[in-house]
Number of protein chains: 2
Amino acid sequence: MGRAAQISREAVLAAALRLADADGLDAVTMHAVARQLRVTPMALYRHVDDKNALLDGLVEVLLRECPLPPDGMPWEERLTALAAGIREVARRHPASFPLLLTRPAVTPAARAARAAIHAALRAGGLPEAGIARAERLISTAVLGFAVSEAAGRFRQHDQPVVDADFAELLRWLRLALELPAAPPPA
Amino acid sequence: MGRAAQISREAVLAAALRLADADGLDAVTMHAVARQLRVTPMALYRHVDDKNALLDGLVEVLLRECPLPPDGMPWEERLTALAAGIREVARRHPASFPLLLTRPAVTPAARAARAAIHAALRAGGLPEAGIARAERLISTAVLGFAVSEAAGRFRQHDQPVVDADFAELLRWLRLALELPAAPPPA
DNA sequence: ACCTGAACACCGTTCAAGT
DNA sequence: ACCTGAACACCGTTCAAGT
């Protein structure tokens with residue numbers, strides 16, 4: 001007949017994220033996560049394939065936490081809001097956020113984020129042929145910045161300096177988008 | 001009186017890098033590195049403080065491997081060469097390279113790389129006030145791309161596509177550098 | 001269906017001891 | 001000064017067993 005589940009995949013991922021937030025990524029351990037949930041380590045394997053899948057699940061959770069801007073917003077603001085949202089998630093979860101750059105995500109949440117950027121770029125009138133590439137470069141630049149900040153690569157600089165860095169990054173991206181593509185090689 | 005050293009810090013780091021290249025970052029273990037060097041794990045502690053310091057040492061080695069362009073080169077080519085060099089190191093050491101974005105480096109090699117970019121930007125006539133910020137953004141964008149590629153975030157795309165992405169990134173950076181800075185907020 | 005218990009090979013690190 | 005040996009708490013994961 002079965003038995004009522006005590007834990008769930010979501011509970012496992014939430015506990016793992018809390019552990020990472022509190023004590024760093026090294027603290028995310030099958031044993032430690034199980035301890036949090038008052039369960040034996042082996043109980044986790046019913047809900048995640050293995051430790052690697054647990055970390056991939058963390059990526060999923062982080063992506064879901066990134067707010068997608070409403071469709072009504074002007075396209076340029078949409079991109080800015082998206083970038084700001086990503087940066088905030090990174091600052092909330094600095095230990096786990098770097099996983100986003102390291103573990104290629106093909107989950108629904110990842111596709112949704114990509115689609116949101118595609119839509120904004122299309123609304124901005126970027127030629128269809130350049131949209132996918134522009135999305136990759138924008139994502140990479142914003143993620144790279146957010147990871148760097150979260151990991152403390154800018155820690156020698158005061159917060160206003162880093163904030164200004166981020167503003168300048170967004171300005172760079174705007175410049176790149178407003179100018180025509182390079183002509184093909186001769 | 002002492003005793004002839006069997007291993008050295010450099011030997012430890014080289015073995016760790018080989019392990020990462022061959023079997024991934026998880027394979028870099030005090031025990032495994034020691035095994036490579038035919039020594040007990042405890043022997044390593046004479047040459048690195050602990051496992052964390054070993055990983056920091058790996059960052060050092062990776063940075064040293066990035067070729068610095070000669071001073072005679074035109075400044076724009078210098079930046080391009082630097083970026084291409086970084087990308088090549090990432091592709092040679094995909095498992096360990098992400099450490100560069102995660103572990104803030106304040107080693108001589110890191111300073112040298114930063115100084116090389118500063119010098120190129122100065123040679124390009126960028127106002128002194130913007131140089132440090134531009135360097136941070138350029139480094140972050142190039143490292144973010146190199147890490148993404150090394151970690152396989154672009155693995156759905158063929159090599160020529162990724163190469164073109166990189167070329168486009170460099171074009172974006174050139175655009176950003178050639179335009180005047182934004183006016184301060186009113 | 002979901003969890004436990006016991007177990008195994010392996011990990012990072014400490015301490016005392018050898019040369 | 002540099003390395004070894006023994007040891008400890010902890011890790012990821014498997015297997016068989018309970019309900």
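Numbers restart at 1 for each chain; the letters A, B, ... are given by sequence-line order, proteins then strands. Excluded from the calculations below are hydrogen atoms, water molecules and symmetry mates; all remaining heavy atoms, backbone and side chain alike, are included. Note that the structure is a prediction, hence the values are computed from the model and not measured.
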Could you tabulate the donor-acceptor pairs under 3.5 Å formed by side-chain atoms of residues 47-73 of chain A, not counting sequence neighbours?
from  : atom 1 : to     : atom 2 : distance (Å)
A:D50 : OD1    : A:N52  : N      : 3.3
A:D50 : OD1    : A:A53  : N      : 3.0
A:K51 : NZ     : A:V28  : O      : 3.0
A:N52 : OD1    : A:R103 : NH2    : 2.1
A:D56 : OD1    : A:R103 : NE     : 2.8
A:E60 : OE1    : A:R9   : NH2    : 2.8
A:E60 : OE2    : A:R64  : NH1    : 3.3
A:R64 : NH2    : A:E10  : OE1    : 3.1
A:E65 : OE1    : A:R92  : NE     : 3.1
A:E65 : OE1    : A:R92  : NH2    : 3.2
A:E65 : OE1    : A:H93  : NE2    : 2.8
A:E65 : OE2    : A:H93  : NE2    : 3.2

key: Test: B:R171 and B:E168 ion pair at under 4.0 Å   = yes
inquiry  = Applying a 4.0 Å non-hydrogen cut-off, can you work out what B:A5 is touching in the nucleic acid: base, sugar-phosphate, or nothing?
reply    = sugar-phosphate
Short question: side chain of [X], backbone of [Y] - any donor-acceptor pair under 3.5 Å?
X      : Y      : result
B:R133 : A:V161 : yes
B:R111 : B:V106 : yes
B:T29  : B:A32  : no
A:R114 : A:R136 : no

message = Any side-chain N or O of B:H47 below 4.0 angstrom from OP1/OP2 of D:dC3?
response = yes
message = Go through it in stages, so that I can follow the logic: the residues are B:S139 and A:R153, the test is side chain to side chain donor-acceptor pair (under 3.5 Å), and I'd like the CA-CA distance, side-chain angles, deciding distance and then a yes or no.
response = CA-CA 11 Å; B:S139 300; A:R153 211 165 66 87; 5.4 Å; no
Whole-Å gap separating [atom2] ([N]) and [atom1] ([X]):
X     : N      : atom1 : atom2 : answer
B:L44 : D:dC2  : CG    : P     : 14 Å
A:D49 : D:dT13 : CG    : P     : 10 Å
B:K51 : D:dC11 : NZ    : P     : 14 Å
A:Y45 : C:dG5  : OH    : C1'   : 15 Å
A:N52 : D:dC11 : CG    : C1'   : 15 Å
B:L37 : D:dT4  : CG    : P     : 11 Å
B:M42 : C:dA16 : CE    : P     : 15 Å
A:Q6  : C:dC3  : CD    : P     : 5 Å

message = Looking at B:D163, I'd like to know if its CG atom is crowded, meaning that more than 12 non-hydrogen atoms belonging to other residues, nucleotides or ligands lie closer than 6.0 Å.
response = yes
remark   = Dot-bracket for DNA chain D, 5' to 3', Watson-Crick and G-U pairs with both distances under 3.5 Å, [ ] for crossing pairs, | for partner on another strand, reads ||.|||||...|||||.||
inquiry  = Let's see if you get this right: which residues in residues 8-36 of chain A place a heavy atom under 4.0 Å from DNA chain C?
reply    = none
key: Which nucleotide in D:dG5, C:dC3, C:dT13 has an atom nearest any side-chain atom of B:T40   = D:dG5
ask   = Considering only side-chain heavy atoms of A:I7, which listed nucleotide, C:dT13, D:dC2, C:dC3, is closest?
value = C:dC3
task = Could you check if a side-chain atom of A:L177 sits within less than 4.5 angstrom of a side-chain atom of A:E76, using non-hydrogen atoms only?
result = no
